[in-house]
Protein chains: 2
Amino acid sequence: MVNRSVVKILAKHGMKITPQRIAILDVIINLQNHPTADTICDYLRLSYPHISIGTVYKTLDTFESKGIINKVYSETDTMRYDGVITQHHHLYCIDSERIDDYYDDGLNKLLNDYLKKKKIPDFIVEDFKLQIIGRFNEKNKTK
Amino acid sequence: MVNRSVVKILAKHGMKITPQRIAILDVIINLQNHPTADTICDYLRLSYPHISIGTVYKTLDTFESKGIINKVYSETDTMRYDGVITQHHHLYCIDSERIDDYYDDGLNKLLNDYLKKKKIPDFIVEDFKLQIIGRFNEKNKTK
DNA sequence: TTCCTAAATAGGAATAATTCTTATTTAGGA
DNA sequence: TCCTAAATAAGAATTATTCCTATTTAGGAA
C-alpha cells in the first residue's frame, strides 16, 4: 500500500520517483519513533530484501537537505531521523533511548517572541529546538 | 601549571587523582570551543605524548556521568564536550561546525517557569537545553 | 514507444569514531 | 611500605557512516 502522498512529496521537490525512495519515505513517515538508519533498513528489508544500507543513508541525507525530514540529535553516536517537519520539540528519557515528539504551540510562540525581542549579538536566529530531558512516569513507562 | 581547582573537582567527586585525569580536565575546561575527543587528545599529546585515546574517551565518560562536564549533541557523528556545567544553551552555525555557548538567565527563567506550570503529561522534566540554529553575521564570521 | 543519459542503486570496500580487551602500572588506604 | 582495586596504554574489534564503481533505471526527447 504505497502512500500516494509520498509520491507527491517526492515530485514536489523535483526528485526522481524510485521504488527505494518511496519505500524509505513511507517507512520514516509511518514509524513514529525516530528510527536510526539501521532500523529503517531492517524494516525495509521485510518488503524489499535487496535494499542497500548505503542507499538508505544517501536517501535520508537527500531528504534532509530538501527539508522533507529532520535529523534528531541523540545522546549516543547514532543519528536518528524524524519524518515530522512541523516545528516541535523532543522529550529525551534519561532511563532509555526513547525520544518522543513534543508539540506545544504556546512554547513555540513564547520562544519565538523572546528570541525576536532579545537579539543575540552577531547572530541571526533561523530556528530553535528544545531538548527536554527527564523521565516518563510509571503509567507510561513502556511503549 | 596544573590548575589546583581541577584537583579539587576530582577530589570532591571521590575520584582517584591521576595525572591523566588532571590533564584531561584541565584541557576541557580551558578549551572553550566544545572539542571532540580527538582534539582533546591532540592537545594533551603536546605535553603528554603517551596518553591513549581510549583513556581519553573513558575519562570523558566518567566526568560526564559525575556531572563534571557535558556532552554536546552535534550535527555530525562526532561527540563534542563542554567543560561548562552551569545551565546554558548553544548557538549552532548553519555554515560551519562552530558551536558557541549562550548564557541567558532570562531565558532559563522563562523556560523553567513555563515548563513548571505547563506539566507535560506522564513526563517529569529534569533539565532542558535549547539549540539555537542560525548564522553568525559578518562582523563575527571568523573565530 | 523506444532510445538516451544523467542520476540512482547495490554491493562491498574504506574510513572514522568509539568501545573493548588484556597486561601493566599506580593511587591511595591499611 | 605493602596491597589491591582501579586506572592506563596499546592495539584489536566493533559500529556507524561514507566512498567507490559497475550496473540499473527514471524520465525526458525523438
Side-chain angles (χ1 to χ4, degrees), chain A residues 2 6-28 34-45 47-66 68-69 71-81 97, chain B residues 2 6-28 34-45 47-66 68-69 71-81 97:
Chain A
V2 168
V6 163
V7 174
K8 276 192 197 154
I9 292 170
L10 295 175
K12 191 174 75 181
H13 289 86
M15 302 172 72
K16 281 193 182 176
I17 316 264
T18 69
Q20 292 87 342
R21 284 178 172 170
I22 292 170
I24 292 168
L25 189 50
D26 199 60
V27 167
I28 182 139
H34 310 93
T36 64
D38 218 54
T39 307
I40 293 168
C41 204
D42 286 349
Y43 247 82
L44 287 168
R45 290 233 163 94
S47 51
Y48 205 130
H50 285 287
I51 198 153
S52 157
I53 182 74
T55 301
V56 173
Y57 274 107
K58 194 165 175 305
T59 304
L60 290 170
D61 273 358
T62 307
F63 288 168
E64 207 249 349
S65 72
K66 302 255 181 191
I68 299 174
I69 65 171
K71 290 186 174 183
V72 179
Y73 307 95
S74 90
E75 188 77 61
T76 68
D77 55 4
T78 313
M79 189 57 69
R80 296 172 68 163
Y81 298 87
E97 304 274 88
Chain B
V2 169
V6 163
V7 174
K8 275 193 196 153
I9 291 170
L10 295 174
K12 191 173 75 182
H13 289 85
M15 302 172 73
K16 280 193 183 176
I17 317 262
T18 70
Q20 291 87 341
R21 284 177 172 171
I22 291 169
I24 292 168
L25 189 51
D26 199 59
V27 167
I28 182 139
H34 311 92
T36 65
D38 219 53
T39 307
I40 292 168
C41 205
D42 287 349
Y43 248 82
L44 286 167
R45 290 233 163 95
S47 52
Y48 205 129
H50 286 286
I51 199 151
S52 158
I53 182 73
T55 301
V56 173
Y57 274 107
K58 192 165 176 302
T59 305
L60 290 170
D61 273 358
T62 308
F63 289 167
E64 206 250 349
S65 71
K66 302 256 180 188
I68 299 173
I69 65 171
K71 289 186 174 184
V72 179
Y73 308 96
S74 91
E75 189 77 60
T76 68
D77 55 4
T78 313
M79 189 57 69
R80 296 172 67 164
Y81 298 86
E97 305 273 88

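Protein chains get the first letters and strands the later ones, always in sequence-line order, with residue 1 at the start of each. When reading the values below, keep in mind they use all heavy atoms of this one structure, side chains included, and skip hydrogens, waters and symmetry mates.
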Pair A:T18, A:T59 - check side-chain contact (heavy atoms from CB on, under 4.5 Å), show working.
CA-CA 11 Å; A:T18 69; A:T59 304; over 6 Å; no
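- Between the CE atom of B:M79 and the C1' atom of D:dT17 there is a distance of 15 Å, given to the nearest Å.
- Between A:I17 atom CD1 and D:dT25 atom C1' there is a gap of 14 Å when expressed in whole angstrom units.
- The backbone N or O of A:V72 sits nowhere less than 3.5 Å from a side-chain atom of A:R80 that would complete a donor-acceptor pair.
- Neither OP1 nor OP2 of C:dT9 sits under 4.0 Å from any side-chain N or O of A:H50.
- Of all nucleotides present, only C:dT5 satisfies the Watson-Crick or G-U wobble test against D:dA26, with each distance under 3.5 Å.
- Side chain of A:I51, nearest nucleotide from C:dG11, C:dA10, C:dT19: C:dA10.
- Residue-level contact check: A:P49 touches neither bases nor backbone, having no heavy atom under 4.0 Å from any strand.
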Intermediate values then yes/no, side-chain contact (heavy atoms from CB on, under 4.5 Å), A:H34 and A:Y81
CA-CA 5 Å; A:H34 310 93; A:Y81 298 87; over 6 Å; no
Checking side-chain contact (heavy atoms from CB on, under 4.5 Å) for the pair A:M79/A:L60: CA distance, chi angles, key distance, verdict?
CA-CA 11 Å; A:M79 189 57 69; A:L60 290 170; over 6 Å; no
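- When heavy atoms are screened at a 4.0 angstrom cut-off, A:T55 is found touching base atoms of the nucleic acid.
- In a base pair of the Watson-Crick type (N1 to N3 plus N6-O4 or O6-N4) or a G-U wobble (N1-O2 and O6-N3), with each distance short of 3.5 Å, C:dT15 is matched with D:dA16.
- Minimum atom distance to the side chain of A:S52 is reached by C:dG11, of the listed D:dA16, C:dG11, D:dA9.
- Straight-line distance from the NZ atom of A:K66 to the C1' atom of C:dA8: 13 Å, rounded to whole Å.
- Take the nearest nucleotide of DNA chain D for A:A37 and for B:Y48: the residue whose nucleotide is more 5' is B:Y48.
- The shortest distance between the side-chain N/O atoms of A:T59 and the OP1/OP2 oxygens of C:dA8 is not below 4.0 Å.
- In this entry the distance linking CG of A:D38 with P of D:dT18 reads 13 Å, nearest Å.
- Rounded to whole Å, the distance from NZ on A:K16 to C1' on D:dG27 is 7 Å.
- Close to D:dA9, at under 4.0 Å from its OP1 or OP2, lies a side-chain N or O of B:Q20.
- Rounded to an integer number of Å, the gap from A:R21 CZ to C:dA8 C1' is 6 Å.
- In this structure, A:R80 atom CZ and D:dA16 atom P are separated by 12 Å, rounded to whole Å.
- Side-chain N/O atoms of A:T18 and base N/O atoms of C:dA8 include no donor-acceptor pair closer than 3.5 Å.
- In terms of position on DNA chain C, the residue among B:Y57 and B:M15 whose nearest nucleotide sits closer to the 5' end is B:Y57.
- Between atom CG of residue A:L44 and atom CD1 of residue A:I24 there is a gap of 5.5 Å, rounded to the nearest 0.5 Å.
- The separation between A:L10 atom CG and C:dA8 atom P is 11 Å, rounded to whole Å.
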